[in-house]
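Everything numeric here is computed off the predicted structure, so don't read it as measured data.
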Amino acid sequence: MSKTASAPGTAKISTFVLLTVLIVLALSIVALGMAANAFLTGQEIVAGYLAVIGAIAMTLSVYVLIQSRRHVANIKIANPAMMTTIECRKCGFKNVREFQRGDYVFKELESCQKCLDTKMMITAIYKEIKEKEKQYPF
Amino acid sequence: MPTVLGEDGEILNTLAVLPALENELFQLPTGDTISQILSMLFYVVFIVFLFYGQRIQMYVMIREVEGSLYKLKYIRDEGRKTAIETIKEIGKTQTDPSARVDRYLEYFTISPQSMDPAGIVYKLDHILDVRDTRLKDEVKLMAPAVDEVQTNNLENTLEAAMALNYIYKVVRHYYIQGKKTLSLYTIMQLQMILPLVMKEAEAYANALKAFAYGQPIGDGAGPLLAAKLMHGYEVRKVPKDCVVATVPIEGRTALVIKAEGPGGNVGKPGDAVKAVIDENNGQIASVIMIDAGLKLEGEGVGEVAEGIGAAIGGPGVDQFKIEESISQYHIPINAVIVKEDIGDAVSPMRKEISDAIDKAIERVKSVILERTKEGDKVIIVGVGNTIGIGQ
């Protein structure tokens, strides 16, 4: 039951930045339109210049817009699944279940399902991390 | 009909002017014009960066810090919420503990004056004792019905929330100071250490749940090893908040010490080791300390290493006391550490660490075999927070 909680993304963005981004976006669209026009009239070099300028301006403005709205979107407080290992010291019967409040290592629990006369005991409590760490050549 | 004035003052019809204007505005520029615009742009960018480059760089850094500060604020608020919910749930209080929790989060401790450092360890020890008692009393006031184990767990939960509150406030302080003074160097220093600060804050956030539920944490590697050794043997209490058991290992007598569990507690191993050494009139062949040790990047979690010295963190009081006790009787001291990073140390125990305990026990046994003779007495100290680990 691995759970994560995420912070609400803040929609806070300054008016000045928003206005600048929108102007650049509008100009980039105009540049791309002019590039198309130039290409149709046979001015390939001009069309190339305008297309590059338009594409760069559009990419930058969209990037800034997305970044400004993604302040806190990805913060995660992991609440990983905790497992409790229960063992019978006599017959070696082992059971792994989810952690329950009140569990602690070496706590005695109910009698063993196999031997019946021995009490089971918590021998380990741990979390398992499945994601692999990035490998480096050194 | 809308009208405009022409150059010579004659009134022009707007509709007639529009096509001409359109031609002027949207006329395709030639290659030369484009080159001129690009050169102009280049000069403008060059001049802007020449004079305002540092300021632009600072604004970028401020934005980065701002983003992290939002995260820290969220983590801090979650920590406070978790602490309050846990107190309500465990303590079953009728009154709202929020105000008292807020007061708790702002507690501070003033370390003793060090102009004349002689005797400072015992002054610091006293201050830490007073702090511990005060915080425990506060927890009992918030949740009077809880037992000793739950009091310790609640205290640990509140301390994690307190750490998050402090981290947030310090980062916010430097952020506002940097913005107020527009000092690149203040902001730059803050931005440079932020990844480490965020890592620590996220670790504390993960620790909150572990403390609230009483789950073992990575720092519990030492107590877990000691508990595995002493389990099944008679255990008695030693000062302060520690337990000791006499365990036969490899023909030697091991006096195994750990903090008393399963509540969140680190005890005072310094006092415990001193008490056990004094009880045995210094007739101890070796002291072996086991603790969680910070790993370097590239090292694996749960690796076991061995060395010399008092393996114990914290403010240094216990390390000082242990070193003082062993020096008095010339007792050799060995250390075994289980490697993990700061995030693992304060968050719920990873399987790799839990599995490493058996390897660490083997290492302790080999140290005993190699460094002591049959019939000797050795002290084995499992150092760390024993939350979620009995004995």
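- Applying the ring-ring contact (aromatic ring centres under 6.0 Å, His included) rule to pairs touching residues 201-235 of chain B yields F106(A)-H231(B), sequence neighbours excluded.
- Of the two parts of E64(B), neither the backbone nor the side chain holds a non-hydrogen atom closer than 4.5 Å to a non-hydrogen atom of chain A.
- Distance check: Y74(B) OH to Y168(B) OH gives 15.0 Å after rounding to the nearest 0.5 Å.
- Using a 4.5 Å cut-off between heavy atoms, K127(A) contacts chain B through both its backbone and its side chain.
- No part of K73(B) comes within reach of chain A, as not one of its non-hydrogen atoms sits under 4.5 angstrom from that chain.
- Considering only heavy-atom pairs separated by less than 4.5 Å from chain A, the leading option among E352(B), M349(B), Q391(B) is M349(B).
- For L72(B), no part sits under 4.5 Å from any heavy atom of chain A, backbone or side chain.
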Expected list for residues 81-91 of chain A: side-chain donor-acceptor pairs under 3.5 angstrom, two or more places apart:
from	atom 1	to	atom 2	distance (Å)
T84(A)	OG1	D103(A)	OD2	3.1
E87(A)	OE2	T123(A)	OG1	3.0
K90(A)	NZ	D117(A)	OD2	3.0

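- Annotation: maximal heavy-atom pairing with chain B below 4.5 Å, among E128(A), K107(A), Q100(A), occurs at E128(A).
- Taking the charged nitrogens against the carboxylate oxygens, K88(B) and E85(B) have no contact shorter than 4.0 Å, which rules out a salt bridge.
- Because its NZ or CZ atom is not both nearer than 6.0 Å to the ring centre of F93(A) and within 45° of the ring axis, K114(A) does not count as a cation-pi partner of that residue.
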